[in-house]
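This report concerns only the one structure given below.
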Amino acid sequence: MPELPEVEVVRRGIADHVVGRTFSHVALHGSRVARRHVPGPDDLAARLAGRTVLAADRRGKYLWLALDGAEALVVHLGMSGQMLVEDPSAERRPHQHATFTFDDAGTQLRFVDQRTFGGLALVDLVPDPRGGGYVHGIPESVTHIAVDPLEDVFDARAVARLMRASRSGVKRLLLHQGVVSGIGNIYADESLWRARLHGERPAAAVTGPAIERLLAHVQDVMRAALEAGGTSFDALYVNVNGQSGYFDRSLDAYGQEGRPCARCGTPIRRETFMNRSSFSCPRCQPRPRVRRAAPTPTG
DNA sequence: CTATTCACCTGGGTGC
DNA sequence: TGCACCCAGGTGAATA
């Protein structure tokens with residue numbers, strides 16, 4: 001599943017191939033891929049033709065191509081989206097929703113997405129209200145997304161303060177893209193394991209320094225995953241050349257149900273949380289004590 | 001206002 | 001072999 005490190009691998013791959021090139025023709029296959037582009041798919045395809053790519057940028061899990069004319073092609077990979085750089089003569093792939101052809105007759109850019117949770121939109125570029133180092137600004141539709149842990153302007157103390165002001169548990173907050181962006185289920189579980197915190201611990205009951213340590217683990221695990229080319233369990237996540245990352249070999253918690261904890265040997269448990277799975281060590285990450293709002297009447 | 005739940009989507013896996 | 005069902009999960013609209 002593409003979380004920040006996987007999207008960053010894709011961004012780098014795209015940047016190498018498309019920055020400085022000009023679209024000659026964009027074909028959208030079906031209308032769903034452009035459902036977030038309000039004027040519709042025909043408008044999107046028409047307005048992309050002739051535009052030059054100035055940069056490939058990213059915040060959290062949002063990826064965009066900054067274009068001339070102060071607009072950006074925003075790409076969200078959803079759960080299964082891929083951006084592939086391929087020869088125009090290559091056969092069209094199953095679930096290929098968009099084909100970007102350039103005026104130099106070189107490689108094509110293709111958007112492939114099996115589950116179609118991802119999508120494309122053309123959005124105005126505006127100054128970043130959060131002060132990130134984006135030369136071309138950020139898409140207006142990304143302004144509600146928080147700074148991600150790998151940005152220079154990431155402020156762990158500020159995020160810890162925000163988290164501790166909430167009544168939610170730490171995992172729910174890690175997954176909230178308006179608090180800190182780029183974290184999904186995999187890196188949330190990995191960071192919580194490293195920090196020895198159960199995800200359902202109320203953030204308000206964790207000390208500020210402990211939250212900051214948790215966020216430092218988020219940064220560490222994401223940097224390590226990036227170095228390994230990202231995490232993938234199957235062919236759904238691939239880089240622009242169709243290759244898989246291998247960080248899944250380094251996971252300590254996520255997907256490790258029944259395997260011994262690398263610290264203490266206790267079998268990793270799987271719990272249901274927010275209609276998803278959470279993986280943790282029962283010994284290193286004890287569940288929080290259940291707190292009652294009021295004493296239970298006894299008879 | 002905040003917090004939580006649910007719809008969206010498809011292929012691979014499993015149980016009968 | 002077939003078929004029903006479950007599961008993965010990021011996002012944002014809907015709901016409490």
Side-chain angles (χ1 to χ4, degrees), chain A residues 1-11 29-38 58-64 74-83 93-98 111-121 123 139-146 148-149 161-192 199-205 218 222 225 230-238 244-245 247-248 251 253-258 270-279 291 293:
Chain A
M1 328 312 157
E3 300 181 32
L4 186 155
E6 292 75 35
V7 179
E8 176 61 13
V9 169
V10 171
R11 186 199 68 77
H29 317 298
S31 59
R32 189 174 160 77
V33 68
R35 68 192 182 285
R36 291 200 186 130
H37 183 76
V38 179
R58 179 194 58 72
R59 167 168 275 169
K61 303 170 197 172
Y62 283 81
L63 174 67
W64 67 88
V74 179
V75 179
H76 200 290
L77 300 177
M79 286 185 58
S80 54
Q82 305 172 8
M83 292 294 267
R93 293 175 176 265
H95 310 295
Q96 183 174 325
H97 300 292
F111 181 73
V112 175
D113 187 3
Q114 177 199 100
R115 294 176 198 166
T116 62
F117 275 37
L120 310 171
V123 179
E140 200 281 330
S141 60
V142 180
T143 53
H144 69 295
I145 297 298
D148 73 52
R161 218 177 299 131
L162 197 58
M163 288 176 68
R164 297 188 70 236
S166 162
R167 271 185 275 275
S168 291
V170 286
K171 179 166 179 179
R172 196 183 283 274
L173 290 163
L174 285 182
L175 295 174
H176 192 320
Q177 305 299 303
V179 174
V180 49
S181 68
I183 306 172
N185 206 31
I186 297 172
Y187 297 110
D189 277 2
E190 290 301 299
S191 306
L192 289 163
E200 292 178 51
R201 287 274 295 276
V218 172
M222 283 187 167
T231 301
S232 56
F233 305 95
D234 49 38
L236 276 189
Y237 162 71
V238 293
S244 295
F247 191 71
D248 58 304
L251 296 176
Y254 183 86
Q256 306 301 305
E257 183 181 15
R270 173 178 179 268
E271 296 171 298
T272 297
F273 173 70
M274 293 168 72
N275 284 326
R276 279 141 182 72
S277 291
S278 283
F279 299 91
R291 293 192 300 174

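Naming convention: chains lettered A, B, ... in sequence-line order (proteins, then strands); numbering from 1 in each chain.
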Subject >> dG10(C) OP1/OP2 closer than 4.0 Å to side-chain N/O of H76(A) >> reply: no
Original post:
Between Q114(A) and dC9(B), is there a side-chain N or O to OP1/OP2 distance below 4.0 Å?
Top reply: no
Original post:
Can you find a side chain N or O atom of Y187(A) that sits less than 4.0 Å from OP1 or OP2 on dG10(C)?
Top reply: no
Original post:
Hey, does D113(A) have a side-chain heavy atom less than 4.5 Å from the side chain of V33(A)?
Top reply: no
Original post:
Between dT5(B) and R172(A), is there an OP1 or OP2 to side-chain N/O distance shorter than 4.0 Å?
Top reply: yes
Original post:
Would a distance-only check, ignoring hydrogens and angles, find a side-chain to backbone donor-acceptor pair under 3.5 Å from D189(A) to A253(A)?
Top reply: no
Original post:
Is F273(A) touching bases, backbone alone, or none of the nucleic acid, heavy atoms closer than 4.0 Å?
Top reply: nothing
Original post:
Does the side chain of S277(A) get closer than 4.0 angstrom to OP1 or OP2 of dA8(C) through an N or O atom?
Top reply: yes
Original post:
Would you say the base of dG10(C) and the side-chain of R276(A) have a donor-acceptor pair closer than 3.5 Å?
Top reply: yes
Original post:
Is the shortest side-chain N/O distance from H176(A) to OP1 or OP2 of dG10(C) below 4.0 Å?
Top reply: no
Original post:
Which class fits the ring pair H76(A) and Y62(A): parallel under 30°, tilted 30 to 60°, perpendicular over 60°?
Top reply: perpendicular
Original post:
Taking only N and O in the side chain of S166(A), is any of them less than 4.0 Å away from OP1 or OP2 of dA3(B)?
Top reply: yes
Original post:
Out of dG10(C), dA3(B), dC6(B), which has the shortest distance to the side chain of N275(A)?
Top reply: dC6(B)
Original post:
For H144(A), which contact category applies under a 4.0 Å heavy-atom criterion: base, sugar-phosphate, or nothing?
Top reply: sugar-phosphate
